[in-house]
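In what follows, a structure is listed as structure tokens, so that the remarks can point back to it.
Note that the structure is predicted; figures quoted are calculated from it, not measured. Atoms within each ligand, like the ligands themselves, are counted from 1 in listed order.
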Amino acid sequence: MKKIITYGTFDLLHVGHINILRRAKELGDYLIVAISTDEFNDLKGKQAYYCYEDRKVILEAIEYVDEVIPENQWEQKIDDVVTHNVDTFVMGHDWEGEFDFLKDHCEVVYLPRTEGISTTKIKEDLNQI
Ligand code: C2G
């Protein structure tokens with residue numbers, strides 16, 4: 001069984017999130033998504049609309065997602081890859097190169113982002129109404 005992992009906040013779920021989750025799953029058989037906790041979002045300087053528990057429920061309802069784990073810190077990725085026996089790490093290409101240190105432990109794949117949509121854009125557009 002080929003195991004894939006990806007990381008993110010996944011707030012205000014949109015088609016860009018669904019596209020990367022679908023394409024990540026297409027690379028293997030089992031997709032783990034590490035969702036940033038509210039505390040880690042504070043470290044990332046992100047204020048998610050949905051709390052971690054709600055974002056976890058939403059992600060677990062997606063057909064491409066097989067398991068959701070918490071992302072508590074930047075430094076957990078190697079341990080996650082080893083502990084979960086991950087074959088491939090996937091992120092959007094806005095992170096190109098940032099996680100190449102994982103190449104010692106698994107395949108690293110950066111996929112093109114979906115243009116024209118982001119959680120930030122959703123918030124900005126809603127503020128115009
Ligand atoms: N994404 C995408 N297209 C978009 C928006 C997001 O492909 N239009 C991808 C991002 O590249 C990322 C994933 O969706 O791979 C989740 O995006 P965010 O929730 O914004 O995650 P981020 O804040 O980038 O957190 O340790 C890694 C961090 O937790 C990543």
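Ser36 counts as a contact of ligand 1, since one of its heavy atoms falls under 4.0 Å from the ligand.
Taking CG from Asp38 and OG1 from Thr9, the interatomic distance works out to 9.5 Å, rounded to the nearest 0.5 Å.
Remark: Glu63 does not engage Arg22 in a salt bridge, criterion side-chain N to carboxylate O under 4.0 Å. Classification of Lys2 and Glu107 as a salt-bridged pair holds, one side-chain N sitting under 4.0 Å from a carboxylate O. The pair Asp66-Lys3 fails the salt-bridge criterion, with no side-chain N (NZ, NE, NH1 or NH2) lying under 4.0 Å from an Asp/Glu carboxylate O.
For atom 15 (O) of ligand 1, the closest non-hydrogen atom of the protein is Gly92 N, 2.9 Å. Counting only heavy atoms of the protein, atom 3 (N) of ligand 1 lies nearest to Thr114 N, 3.1 Å.
At a threshold of 4.5 Å between non-hydrogen side-chain atoms, the residues Val90 and Leu111 count as touching. Using a 4.5 Å cut-off on side-chain heavy atoms (C-beta onward), Glu67 and His84 make contact. Side-chain atoms of Ile4 and Lys25, non-hydrogen and from C-beta on, never get closer than 4.5 Å to each other. Looking at heavy atoms from C-beta onward, Leu59 lies in side-chain contact with Leu13 at the 4.5 angstrom threshold.
Polar contact with ligand 1: absent for Asp11 (N/O pair, distance under 3.5 Å). Checked by distance only, ligand 1 and Phe10 come closer than 3.5 Å through their nitrogen or oxygen atoms. At a 3.5 angstrom cut-off on N or O pairs, Pro112 does not count as close to ligand 1. Residue contacts with ligand 1: Glu115 is placed with no nitrogen or oxygen under 3.5 Å of a nitrogen or oxygen of the ligand (distance criterion only). Between Glu71 and ligand 1, an N or O atom pair is found at a separation short of 3.5 Å. Considering backbone and side-chain atoms alike, Tyr7 places every N or O at 3.5 Å or more from each N or O of ligand 1. Considering backbone and side-chain atoms together, Phe40 places no N or O closer than 3.5 Å to any N or O of ligand 1.
In the vicinity of Asp94, heavy-atom distances shorter than 4.0 Å reach the ligand 1 atoms 10 (C), 11 (O). Of all atoms in ligand 1, numbered sequentially from 1 with element shown, those under 4.0 Å from a heavy atom of Ile117 are 4 (C), 8 (N). Here is the list of ligand 1 atoms found below 4.0 Å of a heavy atom in Trp95: 24 (O), 30 (C). Residue Lys77 has at least one heavy-atom neighbour below 4.0 Å for each of these atoms of ligand 1: 26 (O), 27 (C). Numbered from 1 in the order shown, with element, the atoms of ligand 1 that lie under 4.0 Å from a heavy atom of Met91 read 15 (O), 27 (C), 30 (C).
Taking each of His93, Lys44, Lys46, Arg23 in turn, the one with a heavy atom nearest to atom 18 (P) of ligand 1 proves to be Lys46. Among Glu98, Lys121, Arg113, the residue whose heavy atom sits closest to atom 1 (N) of ligand 1 is Arg113.
Between Phe99 and Phe101, the ring-plane angle classifies as perpendicular under the 30° and 60° cut-offs. The aromatic rings of Trp74 and Trp95 are tilted relative to each other, their planes meeting at an angle between 30° and 60°.
Side-chain atoms of His17 come within 3.5 Å of backbone atoms of His14 as a donor-acceptor pair (strictly under, hydrogens ignored).
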